[in-house]
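Following: one structure in structure tokens, then a few remarks.
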Number of protein chains: 2
Amino acid sequence: MPNDHSASPPPARRVTIYDIAKRVGVSPSTASRALHKPGRVSKATEERVKQAAAALGYRANPAARALPTGRTGTIALLVADITNPVSFEIVRGAEREAEKHGYVLVTSEFREDHAKEASRAHSLAPSVDAFVLASSRLDDEAIAKIAALNPVVTINRESPSAFSVLADHEPALRELVRTLAAEGHDRLCYLAGPESSWTDARRWSVIEAAAGERGVEAVRLGPNRPTRKAGSAALEAVRATGASAALAYNDVMAIGLLTAARDARLSVPGDLSITGIDDIFGSDFTAPPLTTIAAPLEDMGTAAVRHVHAALSGEREPGIDTYPTQLVMRGSVGPAPRTKGKK
Amino acid sequence: MPNDHSASPPPARRVTIYDIAKRVGVSPSTASRALHKPGRVSKATEERVKQAAAALGYRANPAARALPTGRTGTIALLVADITNPVSFEIVRGAEREAEKHGYVLVTSEFREDHAKEASRAHSLAPSVDAFVLASSRLDDEAIAKIAALNPVVTINRESPSAFSVLADHEPALRELVRTLAAEGHDRLCYLAGPESSWTDARRWSVIEAAAGERGVEAVRLGPNRPTRKAGSAALEAVRATGASAALAYNDVMAIGLLTAARDARLSVPGDLSITGIDDIFGSDFTAPPLTTIAAPLEDMGTAAVRHVHAALSGEREPGIDTYPTQLVMRGSVGPAPRTKGKK
DNA sequence: CTGTTAGCGCGTTCAT
DNA sequence: ATGAACGCGCTAACAG
């Protein structure tokens, strides 16, 4: 239930440009210019105004500033799941770049729920100058609607109405499939992610194609919620496919699958090879450590904000910014078992 | 380098209360009241105004609202390290409660740097109504300065000028020390956290006292940065203390220590028992799984925002809100080795 | 219950 | 180079 935020007595009045104008003996507009319009005022008065501002501890009121300009100086970052380590890499990168340019960053998660994502974007719209949508679950139309309100940059999602920052998983995925094939795996199982995930579709299509080229079978299991629980719950189904290797949509699911396999006294990679994507915190100390694909998520978060800034500065440069990924081979992948289940 | 955020043409004009006032045939102030002052307007016109607002797709301009009221409707949450899983539990809880009350939540990390924490708070101050400081590294004086600007609620930090939300680790820590003593450990090593951490000081004093009561030696190693790397780097020093059990400041450090021990071919808990605090993502699937102490961090995040809301609503209720914790025994703790290093 | 009148603090014409 | 005046959208007196 939203609220009015109106009750307690207002805090002590803060210092305004009027205070510094009076102190220096100039008009408020001169003070304003001295503070924010380099060169539009004489060097001398600019200096005096700035000193007075510092002395008085002046801080511009962002709301007052936003009113005439229409610019709030804040950017909204919407992430699917803030507890997924993938998110905070992005958040960290975005936040650093935002601070660098003087933006305030508002981060909000939508818990994989596209309805919530859309409503959150619309309710935030008047408070922000632009959106960064990370791992959006929205369709193109919904993104277009948001883009009509404010500029949008997407991460790991391509969309006609937004600038996109993408990780290119294709080479690493192909290398992974090739490696698995070389290890004797002739039946792969892709443990799919959420239905509305753009990356999920991409990943599967690359795996399917790469497997086909190598003469390896690939089956898809899903969609699934991208959680540990879902990964664990899928163990039986994975085994039922007869696949000797499971490629999970992401590390969180892979870890779920891995721990379920451990609990079931299955050998990894003896009985089943498992891989993930993202190289999150934790994937290097599972038992065995998880083979995965690493993306420069922090850089991508930074890039997203940089593109937002460019867009807000009037630089029209819609398009795609792609980042390379890297296959990280670890202990969870090994040779296919000799005796196959469905021999 | 901060920036002016002023360049591209302003987006299409949004609908204002004037638009809906004109449409309904009332004055703007009536429209304003109908929208936000329940009861101060006739039921009939309130209904008509609301319908018009909906029809026009009206969204209040937060900046315009903030100007006369001095209330921005946003809350700042400052966390030490956003990549520490501890943080996002808090963030998630805080965010949910913030949304429930119609606040926007701004999350910012200060990377364990107290100077950055303070400067961030001061620069955010004009844009927000209140602060939540999670795991603050600030001293009381610095917190008081911030509290002079806006109400402050601290998490895991007691301070005279703020309402505090705390996890009470004492009972669980005592139980842990008791358990270790019963397992034959007669020399414990506390792997300390950051110097300016309030919780670090608390934890050590409880461990020291509990150990003393049990006739167990306790040595303190630190301060250390609360990172995996620092945990790993401390292995040698921990061994050098001759302790048979290491209690780390938090799980992140404990995991660092654990993986270093594994790399050094040490048996855990055979040669060394290891414990952490927080029960973060990952601590249940280390090898062996990590004994730790769990706190209801999400609830604490929620509580912090609830208290912020109370403070902003004029309810003066400074004080402390304490949450219980729970010892989670897992495989990383076992009997002390027979042959002690310094026998 | 409702309309009128003033600002909130700042940027921005338009003058000078 | 600087000042005066206006308006951004909304809330808050103050009438009626």
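The chains referred to below are lettered A, B, ... by the order of the sequence lines, with proteins before strands, and numbering in each begins at 1.
- The side chain to side chain donor-acceptor pair (under 3.5 Å) search around A/Ser135 returns none, not counting sequence neighbours.
- In this structure, of D/dC8, D/dC10, D/dG3, it is D/dC10 that holds the atom nearest to the side chain of B/Ala64.
- Contacts classified as ring pair (Phe, Tyr, Trp, His ring centres under 6.0 Å) and involving residues 131-153 of chain A (residues at least two apart or in different chains) are not found.
- Relative to the axis of its first five pairs, the axis of the last five pairs of the helix from C/dC1-D/dG16 to C/dT16-D/dA1 sits at 30°, rounded to 10 degrees.
- Residues satisfying the side chain to side chain contact (heavy atoms under 4.5 Å, CB included) criterion with A/Ala142, sequence neighbours excluded, are A/Leu138, A/Asp139.
- Applying the side chain to side chain contact (heavy atoms under 4.5 Å, CB included) criterion to A/Thr199, with sequence neighbours excluded, gives A/Asn156, A/Ser197, A/Arg203, A/Tyr249.
- In terms of the side chain to side chain donor-acceptor pair (under 3.5 Å) criterion, residue partners of A/Glu109 (sequence neighbours excluded) are, by chain and number, A/Arg111, B/Arg92.
- Proximity of residues 16-29 of chain A to DNA chain C (heavy atom under 4.0 angstrom from any strand atom) is restricted to A/Thr16, A/Ile17, A/Tyr18, A/Ser29.
- B/Thr16 is linked by a side chain to side chain contact (heavy atoms under 4.5 Å, CB included) to B/Arg13, B/Tyr18, B/Asp19, counting only residues two or more places apart in sequence or in another chain.
- For DNA chain D, no neighbouring residue in residues 46-59 of chain A is found when judged by any heavy atom under 4.0 Å.
- Counting only residues at least two apart or on different chains, the ring pair (Phe, Tyr, Trp, His ring centres under 6.0 Å) pairs with a member in residues 52-88 of chain B are A/Phe88-B/Phe88.
- Remark: A/Pro126 pairs with B/Arg59, B/Pro62 by the side chain to side chain contact (heavy atoms under 4.5 Å, CB included) rule, at least two apart or across chains.
- Partners of B/Lys50 according to the salt bridge (Lys or Arg N to Asp or Glu O under 4.0 Å) rule, which considers only residues two or more places apart in sequence or in another chain, are B/Glu46.
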